[in-house]
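Single-structure report; data block below.
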Amino acid sequence: MPIDFANELNPSQLEAVMHQGSPALVIAGAGSGKTRTIVYRLARLVQDGVPPENILLLTFTRKAAQEMLLRAGSILGRNLSGTSGGTFHSFAYGVLRRNGRTLGFETGFTLMDRADSENVVKEVKDNLKLGKGDRSYPKKNTLLDMITKSRNKERSIDAIVESEAYHLSAYAEDFQSIAGEYTRFKQSHALMDYDDLLFRFEELLRSDPSLLEELRARYQHIMVDEYQDTNKVQARLVRLLSGESGDVVAVGDDAQSIYAFRGADVANILDFPKIFKDAKLIRLERNYRSTQAILNLTNHILAGAHTKFDKTLVSDRDTGRLPRIVHPLSDQTQAKQVVEEVIKLAKKYPLHDIAVLFRAGYQSYPLEVALSRVGIRYQKYGGLRFHEAAHIKDVLAYLRLTHNPADMVAWRRVFAPIKGIGPKTADRIAKARLTADGKYIAKAMKRFPALRELFDHLDGLRNCSRPGQALERINMFYQPILAELYPDDYPKRQTGLDQLSQIATNYTSIDDFLADLTLDGDQEEEKRKEHALVLSTVHSSKGLEWSAVLIIDLVEDRFPSKRALARPEDMDEERRLLYVACTRAKDSLTMFVPATIFNRFNAVSEPATPSPFIAELPGDCAEMWRETYASGLRQETQHAGTHASGVNGNALPAEPSDTLSPGPATGTPKLGICRHKIFGQGKIIAQIPPNKYRVNFPGFGLKVIVADYLELL
DNA sequence: GTGTAATGCCTTTTT
DNA sequence: GGCATTACAC
């Protein structure tokens with residue numbers, strides 16, 4: 001039975017769904033039925049006779065792709081499994097694996113996750129003898145950050161250091177050489193990191209025209225979701241695959257761009273019509289998700305942006321209840337109040353339809369304790385992942401070695417539990433293994449009997465072709481090691497390993513299994529728990545929606561995160577992040593602004609300033625509640641922020657030239673460098689009316705300083 | 001070279 | 001609560 005598209009969709013959605021044969025850009029506001037549009041277009045293509053295998057659907061997470069294909073399939077009443085769908089990274093991985101030889105990986109390659117990459121960077125740094133004895137030398141995390149930022153943004157390391165970490169400029173040269181060595185290490189050990197997947201994929205397409213032709217012939221219809229969060233390579237990849245006038249539909253929302261930190265470039269959306277010939281522009285502006293009361297607030301948040309968005313969402317729904325801004329006395333009592341609020345909400349909505357959102361993973365810890373205490377089940381998105389746990393990585397190391405004997409990262413791991421073998425000896429043995437230096441190996445096995453067992457074990461594994469079977473054997477071998485390594489909680493870790501074995505049985509290829517774990521984090525997450533409250537970072541909440549949303553820790557330094565504010569533009573990204581958070585809510589939105597924050601650095605509760613995004617909101621768009629010392633909540637009768645007077649929803653200073661120009665503000669030239677008597681030279685991040693500046697001082701961090709004390713340079 | 005204990009430092013977001 | 005470094009004993 002044919003689908004009645006005109007009846008199921010609004011005119012703009014219909015236009016997007018019916019579009020075919022040339023490039024199109026769909027600007028889809030939050031909650032405007034973006035997913036629905038993609039799903040229906042998939043269904044429409046297939047209904048019109050397009051074979052599913054000619055469609056490529058690129059999304060931000062693999063879960064999103066799977067869900068869309070599933071929905072399209074159920075509308076059509078047929079299976080769309082032939083469709084290629086996934087993230088840029090997973091798609092690239094698949095092609096690279098089939099064509100690795102072209103790039104010089106004769107026997108394939110191993111994909112590294114973040115932790116692996118960091119370890120390699122650290123090793124490279126040590127080998128170069130950099131930073132010896134320097135306590136304040138940048139950590140491996142920072143080192144890798146600089147390297148991947150430089151790659152993703154396609155700017156030199158020097159440029160990155162200068163614009164967003166200039167307090168590290170003394171190390172810029174080191175970064176350069178570490179980056180060079182890192183690249184060589186990866187190549188010589190058949191390793192790839194996330195960035196390599198994209199860049200080497202591009203390299204492959206450019207160096208192998210016949211492969212490119214083949215892919216183009218196959219993927220005649222391409223759809224890209226979350227286009228605002230693509231970076232430069234990704235945009236080039238789309239263009240390579242589709243051609244300038246191919247059938248490519250990009251969907252995105254410039255107001256929801258929240259991945260600039262990893263090189264996402266809003267310019268991709270803005271330039272789409274320039275790059276793709278005769279691109280059609282379609283706008284989806286009607287919001288089907290949130291109540292008007294919620295949208296009023298989110299529109300205010302967006303209005304304060306320095307980069308202007310010509311976007312005012314209008315709801316298709318009732319006015320609804322006003323959002324609430326709650327001021328607990330501390331972040332400890334905040335947890336208690338969130339729990340109480342959740343209990344109230346749970347009478348109206350199922351638990352999995354309620355979410356608590358926060359800027360960074362660690363911010364939910366106090367809440368997690370409080371939830372456990374009262375016995376509310378929860379599931380957490382973002383933050384630490386299943387496969388990042390040490391014991392999981394240990395077990396996977398054995399598996400990796402069966403396919404890539406050059407994988408030094410894995411060798412280190414499997415040697416570590418053997419007493420007497422430290423990093424040096426480990427390296428030596430691994431090298432001897434590679435160069436077939438039998439003498440050294442024999443000597444080593446004599447000295448460390450456990451080594452023979454290990455090698456026998458690894459040899460045994462190479463006969464297993466199925467990952468499930470291999471993991472069974474590994475678990476047996478690893479069992480005693482686990483108990484010794486983690487005496488406190490090894491039973492709990494054991495269940496994690498059992499889960500891993502379970503997941504592994506779904507795979508027939510070890511390579512695929514390993515890659516999927518690093519590319520997609522949690523398979524475990526698939527079985528999304530029914531009846532469990534959702535805790536999520538805002539980033540991980542992208543694309544999702546809940547009836548009730550609670551946002552915590554809306555105070556200066558946490559949201560906006562002080563770590564994120566290296567450049568003036570970053571403030572706007574934090575703002576968009578809050579916009580994304582608020583627009584997740586369908587019916588109920590509650591925001592928490594604790595008066596004090598516990599600082600684990602000195603174990604003291606410190607006073608906190610409300611987030612500027614909250615302080616600037618006009619009083620009529622939210623109810624204000626305050627925790628009293630009697631530990632109850634009291635609603636404030638007067639209008640919201642007294643400090644918001646005169647701000648009118650726009651905290652940023654009137655900068656005449658910028659307010660007029662649409663599109664991204666060009667570098668905000670008026671916010672420059674300044675000097676302070678005590679803190680020295682610093683970079684001005686924002687102006688705070690009437691007479692203050694927010695300044696980033698290297699070594700001292702962000703400060704809000706009265707203009708009189710600053711010397712502008 | 002390795003293992004252990006003590007110290008000082010910082011804790012964003014994700015493929 | 002983790003990470004990197006240092007000091008010290010084997």
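Every chain is numbered from 1 and lettered A, B, ... according to where its sequence line falls, protein lines coming before strand lines.
Atom C1' of nucleotide B/dT11 and atom CG of A/Asp553 are separated by 14 Å, given to the nearest angstrom. As rounded to whole Å, 13 Å separates atom C1' of B/dG1 from atom CG of A/Asp427. One interatomic measurement links the two molecules: CG of A/Asp229 to P of B/dT14, which rounds to 12 Å at whole-angstrom precision. Taking atom CZ of residue A/Arg359 and atom C1' of nucleotide B/dT14, one finds them 11 Å apart after rounding to whole Å. Spacing between atom CZ of A/Arg151 and atom C1' of B/dT14 amounts to 16 Å, rounded to whole angstrom units. Between the CG atom of A/Asp516 and the C1' atom of B/dT15 there is a distance of 13 Å, rounded to whole Å. As a whole-Å value, the separation of A/Lys232 NZ from B/dT15 P is 22 Å. B/dT12 atom P lies 17 Å from atom CZ of A/Arg262, rounded to whole Å.
Heavy atoms of A/Tyr259 sit under 4.0 angstrom from primed sugar atoms or phosphate atoms, though from no base atom.
Side-chain contact check for A/Tyr378 and A/Glu368: at least one donor-acceptor pair (N or O, by modelled atom type) lies under 3.5 Å.
Distance check: A/Tyr93 OH to A/Phe109 CZ gives 5.5 Å after rounding to the nearest 0.5 Å.
Here the side chain of A/Ala564 is nearest to one of B/dT14, C/dA4, B/dT12, namely B/dT12. In this structure, of B/dT15, C/dT5, B/dT12, it is B/dT12 that holds the atom nearest to the side chain of A/Ser561. Closest approach to the A/Lys139 side chain among B/dT14, C/dA4, B/dT13 is made by C/dA4 (side chain taken as heavy atoms from C-beta onward). Considering only the side chain of A/Lys140, C/dA4 comes nearest among B/dT12, C/dA4, B/dT13. Taking only side-chain atoms of A/Thr61, from C-beta outward, the nucleotide of B/dT12, C/dT5, B/dT15 with the closest atom is B/dT15. For A/Lys149, taking side-chain heavy atoms from C-beta onward, the closest of the listed nucleotides C/dA4, B/dT13, B/dT14 is B/dT13.
One finds no side-chain N or O of A/Thr537 lying less than 4.0 angstrom from the OP1 or OP2 phosphate oxygen of B/dT12. For A/Arg563 and B/dT11, the shortest distance from a side-chain N or O to OP1 or OP2 is below 4.0 Å. Between C/dT5 and A/Lys125, a contact under 4.0 Å exists linking OP1 or OP2 to a side-chain N or O.
When each of A/Phe261 and A/Ile421 is assigned the nucleotide of DNA chain B with its nearest heavy atom, A/Ile421 is the one assigned upstream, toward the 5' end.
Classified by interplanar angle (parallel below 30°, tilted 30° to 60°, perpendicular above 60°), the ring pair A/Tyr171/A/Tyr137 is perpendicular.
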query = After noting the C-alpha distance and the side-chain angles of A/Met192 and A/Leu96, does the key distance pass the side-chain contact (heavy atoms from CB on, under 4.5 Å) rule?
reply = CA-CA 11 Å; A/Met192 279 207 209; A/Leu96 283 168; 4.2 Å; yes

request  = Might you work through the side-chain contact (heavy atoms from CB on, under 4.5 Å) test for A/Leu544 and A/Ser536, ending with a clear yes or no?
outcome  = CA-CA 11 Å; A/Leu544 305 174; A/Ser536 174; 5.9 Å; no

